[in-house]
2 protein chains.
Amino acid sequence: MRPFLHPAAETLDLPRVLHALSDPARLEMVRRIAAAGELTCGALGVDRPKSSMSHHFRVLREAGVIRTRVAGAVHLNALRTEDIEGRFPGLLAVVLGGT
Amino acid sequence: MRPFLHPAAETLDLPRVLHALSDPARLEMVRRIAAAGELTCGALGVDRPKSSMSHHFRVLREAGVIRTRVAGAVHLNALRTEDIEGRFPGLLAVVLGGT
DNA sequence: TCCATAGTTCGTATTTTATCGAACACCAGA
DNA sequence: TCTGGTGTTCGATAAAATACGAACTATGGA
């Protein structure tokens, strides 16, 4: 399997991050990951086909919003809180707080 | 000509707003409007066909990011600063500050 | 080694978005 | 009322995003 792509913190692109967050499903995913700290795909509780979930994880990951690490048979996803906050201060508060 | 659609402040939708801002051209438009206070389409200085500009204005307007008012022969566009700030505090600072 | 579980990748269909020329609507001033 | 400047709408096309079944990879445990 291909290694995951995680853009460097300095190269995070605002339009790209905003686009990743502009999908309701992904926004919900981000909120749940933020609340839990680290989550596997399955533990998210979003009822969608695996391939769809995988797609959304990829968009978030390649925009630099989440980081995915392999832990045995599962993939753990965490918010790149510090990287995002360092580059776009305040953005996470908006996204995690907003209704 | 059809009247402009401006969603009520309370109905602003975060995913929709983020989507409107996730296009580099629109993000640039928003920054210039913010810097100038109020701008006509032509005064934006973005070198694109009029129909393309009109499209982007519409996306921003219908997401609730800008308000368009008719002043004689021109259309003046302004950021809906208070409405956005009221609903998504901190978002504008991120968008206007971020590189 | 076989099996179940977790998740990715591929292929494709569908939908949405972006782009832009051309025609149109509106206003102001000559 | 004609004309030039502004900007919108329409229509067509192209590009991008979404959705998801099926096949595949990788891991841990029986």
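Order of the sequence lines sets the chain letters (A, B, ...), proteins ahead of strands, with each chain counted from 1. The shown structure was predicted, so the numbers you read here are calculated from the model rather than taken from an experiment. Computed from heavy atoms alone, side chains included, the values below leave out hydrogens, waters and symmetry copies.
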Asker: Between dC20(C), dT9(D), dA18(C), which nucleotide gets closest to the side-chain atoms of His56(B)?
Answerer: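 When the side chain of His56(B) is considered, dA18(C) is the closest of dC20(C), dT9(D), dA18(C).
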Asker: Which of the following nucleotides, dT27(D), dT18(D), dT8(D), is nearest to the side chain of Arg61(B)?
Answerer: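 It is dT8(D).
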Asker: Between Arg16(B) and Asp13(B), does any side-chain N to carboxylate O distance fall below 4.0 Å?
Answerer: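 No, this pair does not count.
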Asker: So if I take every side-chain heavy atom of His55(B) and compare against dT8(D), dA17(D), dA18(C), which nucleotide ends up nearest?
Answerer: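 Taking heavy atoms from C-beta onward, the closest nucleotide is dA18(C).
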Asker: Can you check whether Arg26(A) has a side-chain N or O nearer than 4.0 Å to OP1 or OP2 of dT18(D)?
Answerer: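 Arg26(A) to dT18(D) OP1/OP2: side-chain N or O found under 4.0 Å.
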Asker: Check whether any side-chain heavy atom of Phe57(B) sits under 4.5 Å from a side-chain heavy atom of Leu44(B), and report yes or no.
Answerer: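 In short, these two side chains touch, coming nearer than 4.5 Å.
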Asker: Atom CD in Glu85(B), atom CG in Leu79(B): separation rounded to 0.5 Å?
Answerer: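 Taking CD in Glu85(B) and CG in Leu79(B), the distance rounds to 10.5 Å.
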Asker: Would you mind reading off the distance between Leu60(B) atom CG and dA18(C) atom C1', rounded to a whole angstrom?
Answerer: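 Nearest whole value for this atom pair: 14 Å.
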Asker: Do the non-hydrogen side-chain atoms of Glu38(A) and Asn77(A) ever get within less than 4.5 Å of each other?
Answerer: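 The answer is no, as the side chains (C-beta and beyond) never meet within the 4.5 Å cut-off.
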Asker: Who clusters with Phe4(A)? Use side-chain heavy atoms, under 4.5 angstrom, across I, L, V, M, F, W and Y, and order the result by chain and number.
Answerer: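 Traced through the cluster, Phe4(A) reaches Val70(A).
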Asker: What is the distance, rounded to the nearest whole Å, between atom CD of Glu28(A) and atom P of dT18(D)?
Answerer: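 The distance from CD of Glu28(A) to P of dT18(D) comes to 16 Å, rounded to the nearest Å.
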Asker: For the helix from dT1(C)-dA30(D) to dA30(C)-dT1(D), measure the angle between the helix axis at one end and the axis at the other, each built from five pairs, rounding to 10°.
Answerer: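 Here the helix ends are tilted 20° relative to one another.
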Asker: Between CZ of Arg87(B) and CG of Asp83(B), what distance do you get to the nearest 0.5 Å?
Answerer: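 That separation rounds to 10.5 Å.
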Asker: Report the distance from atom CG of Leu21(B) to atom P of dA18(C), rounded to the nearest whole Å.
Answerer: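 These atoms are roughly 12 Å apart.
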Asker: So, is His75(B) near the phosphate of dC27(C), with a side-chain N or O under 4.0 Å from OP1 or OP2?
Answerer: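 No, His75(B) has no side-chain N/O under 4.0 Å of OP1/OP2 on dC27(C).
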Asker: Without decimals, in angstroms, what is the distance between Arg69(B) CZ and dC27(C) P?
Answerer: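 The answer, rounded to whole Å, is 15 Å.
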Asker: So which protein N/O to nucleotides 21-24 of chain C N/O distances come out below 3.5 Å?
Answerer:
| residue | atom | partner | partner atom | Å |
| --- | --- | --- | --- | --- |
| dG21(C) | N7 | Ser51(B) | OG | 3.1 |
| dG21(C) | O6 | Ser51(B) | OG | 3.1 |

Asker: Which whole-number value in Å describes the distance from Glu62(A) CD to dT18(D) P?
Answerer: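 Atom CD in Glu62(A) sits about 13 Å away from atom P in dT18(D).
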Asker: Under the side-chain contact (heavy atoms from CB on, under 4.5 Å) test against Val65(B), which residue among Thr81(B), Val17(B), Val59(B) passes?
Answerer: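 Of the listed options, the one satisfying the test is Val17(B).
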Asker: Would you mind reading off the distance between Leu76(A) atom CG and dT8(C) atom P, rounded to a whole angstrom?
Answerer: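 It is 11 Å, rounded to the nearest whole Å.
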Asker: Roughly how far apart are Leu5(A) CG and Glu62(A) CD, rounded to 0.5 Å?
Answerer: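 Leu5(A) atom CG to Glu62(A) atom CD measures 5.0 Å (nearest 0.5 Å).
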Asker: Report the distance from atom CD1 of Ile66(B) to atom C1' of dG7(D), rounded to the nearest whole Å.
Answerer: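 The distance from CD1 of Ile66(B) to C1' of dG7(D) comes to 13 Å, rounded to the nearest Å.
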Asker: Measure from the side chain of His19(B), starting at C-beta and using heavy atoms only, and say which of dT17(C), dT6(D), dA19(D) lies closest.
Answerer: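 Side chain of His19(B) sits closest to dT17(C).
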Asker: What do you reckon, is CZ of Arg58(B) surrounded by more than 12 foreign heavy atoms closer than 6.0 Å?
Answerer: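 Open: at most 12 neighbouring heavy atoms sit under 6.0 Å from CZ of Arg58(B).
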Asker: To the nearest Å, how far apart are Arg58(A) CZ and dC20(D) C1'?
Answerer: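 Rounded to the whole Å, the gap is 15 Å.
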Asker: Determine whether Arg32(B) and Leu39(B) make a side-chain contact, defined as any pair of heavy atoms from C-beta on separated by less than 4.5 Å.
Answerer: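 SC-SC contact between Arg32(B) and Leu39(B) confirmed.
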Asker: Nearest to the side chain of Arg48(B) - dT8(D), dC20(C), dT9(C)?
Answerer: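 Taking heavy atoms from C-beta onward, the closest nucleotide is dC20(C).
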